[in-house]
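One structure below.
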Amino acid sequence: VVPTIEHCSVSGSLKVNVTSTEIAVNNYKITVGGIAGQVYAGDIHSCTNNMDITIQQVTKTGTSNPAVTPNIGGIVGYSQKLTTSEVTRYNNTTNCVNNGAIKYEDASGSTRSTATIGGIIGYSYDSNLDFLLSNCTNNGPISYDSTCNNLRIGGVVGMATGSNANKAQLDNLTNNGAISVKGTMAG
């Protein structure tokens, strides 16, 4: 059985304030998406996000930790394949639209080690880079206001990693949203 989300529409606004010292000190990731925060081996079809997403870091994490790592996407925050002894299942995201604004801001003064933000998918990880992303459009603006060592922002995908780029199927993707980066890039 393939977990599937389809024909879904979300409206409104979502604001996440990162205030827990435990979250920051243990270097947890914050994974937020307009339709799904995190997807392992699932399909998302014909979904629309009209919700604005704002992530605000308000807790200073100290000098020994690079702070919380956000993975934020208009449709999916973090996407990864599932591999078991019986099956390998990849993610497919098709016919989706993000109209919501995505904003990351920092009031703590911390420096992030990594941040990945995409209009459709924030971060897609697969050792073989074997996934399908097709017929998707980002219309929402993306803004980032903080200090970061490795900032990865894309109108459609913030970052996709894997060893075999020939397997990734990217087709008919559009970004109409403005991308704004304020603050500094550290390192």
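Below, each value reflects all heavy atoms present in this structure, side chains not excepted, and no hydrogens, waters or symmetry copies. Here, residue 1 is the first one in the sequence, and each next residue gets the next number.
For the residue pair Ile44 and Ala36, the shortest heavy atom distance occurs at CD1-CB, 4.1 Å. Across every non-hydrogen atom of Gly158 and Arg152, the tightest pair is O-CB, 3.5 Å. Residues Pro70 and Ile72 share a closest heavy-atom pair of CB-CD1, 3.8 Å.
Interatomic distance, Ile35 CD1 to Asn49 CG, rounded to the nearest 0.5 Å: 5.5 Å. Remark: Met159 CE to Thr116 OG1 distance equals 7.5 Å, nearest 0.5 Å. With values rounded to the nearest 0.5 angstrom, Asn176 atom CG is found 7.5 Å from Asn138 atom CG. Distance check: His7 NE2 to Ser46 OG gives 5.0 Å after rounding to the nearest 0.5 Å. Rounding to the nearest 0.5 Å places CG of Asn172 at 7.0 Å from OG1 of Thr137. Atom OH of Tyr104 is separated from atom CG of Leu151 by 10.5 Å, given to the nearest 0.5 angstrom.
Using a 4.5 Å heavy-atom cutoff, the side chains of Ser9 and Asn50 are in contact. Considering only heavy atoms from C-beta on, Glu105 comes within 4.5 Å of Thr54 through its side chain. Between Val10 and Cys8, some side-chain heavy-atom pair lies under the 4.5 Å cut-off. Inter-residue side-chain proximity for Ser79 and Thr93 is flagged as unmet; no heavy-atom pair is nearer than 4.5 Å.
Note on Leu14: it clusters hydrophobically with Ile5, by side-chain heavy-atom contacts below 4.5 Å among ILVMFWY residues. A continuous path of ILVMFWY side-chain contacts below 4.5 Å connects Tyr144 to Ile53, so both sit in one hydrophobic cluster. A single hydrophobic cluster is not seen to contain both Ile121 and Val97; linkage of ILVMFWY side chains at heavy-atom distances under 4.5 Å, directly or through other members, places them apart.
Screening Val157, Thr174, Asn95, Leu173 against Cys136 for a side-chain contact (heavy atoms from CB on, under 4.5 Å) leaves a single residue, Leu173. Checking Thr94, Asn135, Asn92 one by one against His45, the side-chain hydrogen bond (donor to acceptor under 3.5 Å, both in side chains) holds for a single residue, Thr94. Just one residue in the list Ile75, Val76, Ile120 forms a side-chain contact (heavy atoms from CB on, under 4.5 Å) with Leu133, and that residue is Ile120.
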